[in-house]
Amino acid sequence: ADAESGKKDAGLRTITLQLNWFPEPEFGGFYAAKERGIFEKAGFDVQLIKGGADVPAPQLVASGSVDFAVVSAPQLVTIRARGGKATAVFATFQKAPRAMIVKRGSPFTTLKELWESESTVMAQDGLVFIRWLNKIYDGSKLSFVPYAGSNTPFVEGKVAAMQAFATAEPVQLEVDGVMTRVYMVGETGYNPYDGVVAVNDALLKAEPELVARFTAAVRAGWESYLAEPEPINKVIGGLNPDLKSSVLKLAGSKLRPFIESEGTRSNGLGWMTDGRWNDLLSQLQSVGEITKAETGSIGRIFVNPSTKSSGGS
Amino acid sequence: MTNVQVRLRAVEKVFPGGVEAVAAMDLDLAPGRVTALLGPTGCGKSTLLRLIGGVETPTAGSIEIDPLPQIGFCFQEPRLLPWRNVRRNVALPLELARASRETCRREADRRLEMVGLGDAAEFLPAALSGGMRMRAAVARAFIADPTLLLLDEPFAALDEVTRLRLDEEVAALVRKRSITVLLVTHSIAEAVFLADEVVVLSPRPARILDRFEIPFGERNAALRGHEEFAALQSRIYNVLLAGMEATS
Amino acid sequence: MTNVQVRLRAVEKVFPGGVEAVAAMDLDLAPGRVTALLGPTGCGKSTLLRLIGGVETPTAGSIEIDPLPQIGFCFQEPRLLPWRNVRRNVALPLELARASRETCRREADRRLEMVGLGDAAEFLPAALSGGMRMRAAVARAFIADPTLLLLDEPFAALDEVTRLRLDEEVAALVRKRSITVLLVTHSIAEAVFLADEVVVLSPRPARILDRFEIPFGERNAALRGHEEFAALQSRIYNVLLAGMEATS
Amino acid sequence: MKYPRIIWNSVWPPAVVVLILLSLWHLAVVLFSIPEFLLPTPWSVLERIYDQWPRLIAATGRTATATLLGFGLSAVIGIVSGSLLSLVPLARRGVYPLTLLLQMVPLVAIAPMLVIWFGYGLPSVIAAACIVSVFPVIAGTLDGLQSVDAGLAEMFRIHRAGRIRTWWSLGLPWSLPSVFTGLRIAAGLAVIGAIVGEFVGAFGGDQAPLGAVITSALKQNQTSTVFAAVTLAAMLGFALFGFVNLAGWLLLGRWHESAR
Amino acid sequence: MKYPRIIWNSVWPPAVVVLILLSLWHLAVVLFSIPEFLLPTPWSVLERIYDQWPRLIAATGRTATATLLGFGLSAVIGIVSGSLLSLVPLARRGVYPLTLLLQMVPLVAIAPMLVIWFGYGLPSVIAAACIVSVFPVIAGTLDGLQSVDAGLAEMFRIHRAGRIRTWWSLGLPWSLPSVFTGLRIAAGLAVIGAIVGEFVGAFGGDQAPLGAVITSALKQNQTSTVFAAVTLAAMLGFALFGFVNLAGWLLLGRWHESAR
Ligand SMILES: Nc1ncnc2c1ncn2[C@@H]1O[C@H](COP(=O)(O)OP(=O)(O)OP(=O)(O)O)[C@@H](O)[C@H]1O
Ligand SMILES: Nc1ncnc2c1ncn2[C@@H]1O[C@H](COP(=O)(O)OP(=O)(O)OP(=O)(O)O)[C@@H](O)[C@H]1O
Ligand SMILES: [Mg+2]
Ligand SMILES: [Mg+2]
């Protein structure tokens, strides 16, 4: 990001924020900040760039093609390990929303039982949490098939379980009349941040104050969203017509417990700790995601938003 | 052997572009007789052959052929399949008539011998000279024991010695088997030597200017020295010339 | 006008397959003279022309051409571009020599008139008869004012009347411009009528059997009635025949 | 034949077949009671197209822009590089096989580079459409140029025509049928290339092109929307294919067998 | 020319070009200090191939099976249906444009149907490879058959050769060059079709083919592994392409200009 670029007429600074998925309530805070003028008040004209199934958000922010991007914590670690230059500045989800789901009538009562069975699971085996589960359970009998966007094979019973975002797939399946049971991966000890806002290092280094101002606005956005999600959900629904309104509503209502935690109550939304990041690093190293040398090379991976409670002014 | 009778009545051919190639043509090919067509270049001779061969449809008039003939057609161009060697090109009509591989080979070699291509049997068409290609095409026209033979300037690309030899060969063959033959040629001598009747055409669109009944019986080399042979040639030449001068 | 001298010394051509087409050929084409090649079918005449034209390389011997000629080549097949009409086909050599569109058109029409294709200028090759295609090819060979003219049986597909007319046309033209000409023909009469020298070749591989100096000066229709004209023809025929019988 | 006649004649037979196929499809869905999320009825796809017309037509417009530009680039680059490869035999042997790479590298693998080099949205998608569709044009052009009639080539050599002249006056017209085979194949590939490019290329702005509609609807199990978007993409492809055919007919119609 | 000679002659020029390109690539990465996650050096890709050899070679084997079977199916189906379309003019006008659909429907859109009809693993992937690569063969065959020399066709008609006979003895040999253009294009498409098929329908984990290795490595930001897998896929494609070229040379070499 070039400091010269994008001064808009109103003196607003143009900022690009790459989302890693289609417009969904998971991005409610960002849309709230935009819709309710919080970004503008903070001096930004923010372009929220829609993501999609295969949009390489981590690469884009790490290479400076965008200023900010929403990524997952392990993605940020691995991209840094491979020379990417991006730093976490806000962690939307304090609790990992990653989950495995089975149909309600499934014979498996625990995640371990599922994992050590001889079933077929619809999940991308490159995902860290899958590798984590393989490490803590004996997944040698399990078969993996890719999750290519459609959950039809799950509904049709071609697979016993599928990967999910706890606030997305189960809700949508429920609306379509398929009841599920959700096993949170976070409860197995692997609980990284998610919905992490990462900034390109060059921008962070050049204008730390701007980044702080932006993070504060994001935090204000999320506070505003959690306070009154409905109007923002409507906006999101307009941007993503495929999202049924019932899904929107249900999903929106499930977000709060993932976003708020002990830490955020005292330090504000998006707060991160060394402990959580270091846990992640050692877990990633233990599943072979990164090498010891790479762990050493990662350096400062996050900068917290300011501890002052929000406001964005 | 059944002899094929061909009857053209008021046959006309106008090409899509508007070019009239054949105009109100009445023509009878008598069974077992050789008819030679002579006419100026571009007058419609090949078109007429293709009409009789059934690969072009007349825009008016009727063509009756009785009984259904086995056609041997030698086009004005060799039309050889570039991927087949000479033998297999010559054998094609037999192959299409479902003859055995053995028969194909034997018959093809026999015809190749006849046209003097015995030692080129394994060549691909690309390795043949122009005259050799045409001879292969002639061999192919003869291979399936045709009852109606349509020959479009088959020997135009041959030297005079070979041409005379093949003229005699063909004369003997068609007479022995009493094939109905329509021969297009530009050589008046060849026409007179081979044909029972010579038909002279006008410039395009082809109309019949005159017909000459050729009175000779047996055709052999001696005939060429005959006085009437030369006389007939010059009479025909004059008709052809007159026809061409009339229009130009 | 510079006259082109062509000198072949011990030229040999063996095709990759092992077929020997030309054997130890010595041949001089004198500037401004017409040399006619006569020889049995498949003996190597076209190959010889292609060697001189430089599109085939001799396997032994040397070919000198001096000075660099403007070649006009009429191949044994018409070789017309199917997507160009007759006029633009004929104009091709001029176009390749970067003549203006105007010149191309004018010159093409002039040559087409010469070969009697004036009214077919707009036709595509597919709509031409065999003889018309060859005439277009002849017109093309003449268009770029060649200094060396290589003609491979240019008139084989023409009726006798047209052929004689074109023979006279060509005779007049090449003599007026003193073009060096090598003509392949199967018509002995044509060879004698057009050429200053007639070279008779043996069957493959082509060797020179005999050469005939043609003593006539001016070439015109009257010549054909000349007694020596007929005598020369039959002498040449006998040499050709003897050559072919010697090998078969 | 007049143009309208030709267009009509090339439209009604596939239209009839499409109608038959649609009926069969409908019947199959009804008879085997295939659930909607697996395969919607043609009718509900139509309904969806009607419902979401403004969104879908805007999406189609975006995808069409990328497809056409990508295809245009492919056509130009393909013909030019196919010709260069044929003019320089060593390049042909050395480089031609490698152009195949363009077709074999999955776009997702190079997606970050695409976006970083070409920029967001349209440019990346155009690049994707072009990458995916250029090889058939190269192959068609090259194969056509390699099979120029030896006799005609000889004639050009005798007249000392330069390589470029020979290419222009002989090679190119001779290869047109084969170039058009390549272009016909490229037409379909440009569409899918654009769509897959839209899967991976990120998008600014408010409205998504067809590729984004497809992934987003897929994610929400809106199968009829997926099919609606696919249908519009197919229409786009057919239009492009029809245009290529028409161009081929205009260029070859007068002389080439294939256009009869 | 003897076979080993031919193979050698068609291998060294691209090999040299590859080496040059690899050097440039390496230089570019070093000079512009392109980060590894975006574009690894060729060297680290090689390292990765060496490291993960057992896993990658097994993956390549699986992908190769699917590619070859898919390509084989494409070749057979393409030539047969191209021929049928050419034999029945109405079918040609009605059905040919629709075969384009195969090429334009994104695999992800029909992935659910694919896996439900064909099952996960090899069958789906073969189907994907075939769907993606069949159109060029159809187009090549059809275009070849449509441009059969009118004079030769006339000769066959005079001899009252049936349609099948004419197809076999005239149409097919005449179209071979154009069929091979189609097959050359299909070779690359079969590889990418298999890979994309594996993105949506192959087993992962221990049974992962290259496509699954790629998606899994992409998720882990292991760009060098992605490139390693892509490299092996490309090798596979080159081998198939080379095989098609060799077959073409053997079938056409004796008579067709394009094989000189
Ligand atoms: N490309 C080739 N490969 C192998 N042999 C060839 C090739 N071209 C010609 N030949 C052979 O060379 C010999 C001479 O051919 P050429 O075309 O020169 O004959 P020609 O004298 O012109 O005959 P014609 O009067 O029939 O035209 C023939 O026997 C022919 O089979
Ligand atoms: N397909 C076609 N379309 C339009 N005109 C054609 C077509 N084929 C032939 N012609 C025209 O029909 C006339 C007769 O052609 P045809 O081939 O029958 O002549 P020909 O008598 O065989 O001549 P030649 O002795 O030169 O072979 C010619 O003027 C030619 O231009
Ligand atoms: Mg004719
Ligand atoms: Mg010759």
* Around atom NZ of A:Lys112, are there more than 12 heavy atoms of other residues, nucleotides or ligands at under 6.0 Å? -> no

* Which bit of E:Ala217 comes within less than 4.5 Å of chain A, counting heavy atoms only: side chain, backbone, both or neither? -> neither

* Asked: chain A heavy atoms under 4.5 Å from E:Gln207: which part of the residue, side chain, backbone, both or neither?
  -> side chain

* **Heavy-atom contact with chain E under 4.5 Å, split by part of A:Gln59** => both

* To do: Determine whether A:Pro153 and E:Tyr120 make a side-chain contact, defined as any pair of heavy atoms from C-beta on separated by less than 4.5 Å.
  => yes

* Asked: chain A: which of E:Glu36, E:Gln220, E:Lys219 shares the most heavy-atom pairs with it under 4.5 Å?
  -> E:Gln220

* Name the option with the most non-hydrogen atom pairs under 4.5 Å to chain E; the candidates are A:Pro58, A:Ser150, A:Ala62. => A:Ala62

* **A:Ser72, part contacting chain E, at a heavy-atom distance under 4.5 Å** => neither

* Got more than 12 heavy atoms from elsewhere within 6.0 Å of CG, E:Asp206? -> no

* Asked: Do the side chains of E:Val115 and A:Val145 get nearer than 4.5 Å, heavy atoms only?
  -> no

* **Residue E:Glu198 versus chain A: region with a heavy atom under 4.5 Å** => backbone

* Portion of E:Phe203 that has a non-hydrogen atom of chain A nearer than 4.5 angstrom -> both

* Based on non-hydrogen pairs under 4.5 Å, which of E:Val108, E:Leu107, E:Thr215 is most in contact with chain A? -> E:Thr215

* Asked: How close do A:Glu289 and E:Gln222 get, heavy atom to heavy atom, and via which atoms?
  -> O-NE2, 3.9 Å

* To do: May I ask you to name which of A:Arg131, A:Arg80, A:Lys85 has the most heavy-atom pairs under 4.5 Å with chain E?
  => A:Arg131

* **Contact origin within A:Val159 toward chain E - heavy atom pairs under 4.5 Å** => side chain

* Measure across E:Ala202 and A:Pro146 and return the closest heavy-atom pair with its distance rounded to 0.1 Å. => O-CD, 2.8 Å

* Which one of A:Ile79, A:Thr152, A:Val128 has the most heavy-atom pairs closer than 4.5 Å to chain E? -> A:Ile79

* Asked: Roughly how far, to the nearest 0.5 Å, is CD of A:Glu156 from CD1 of E:Ile116?
  -> 4.5 Å

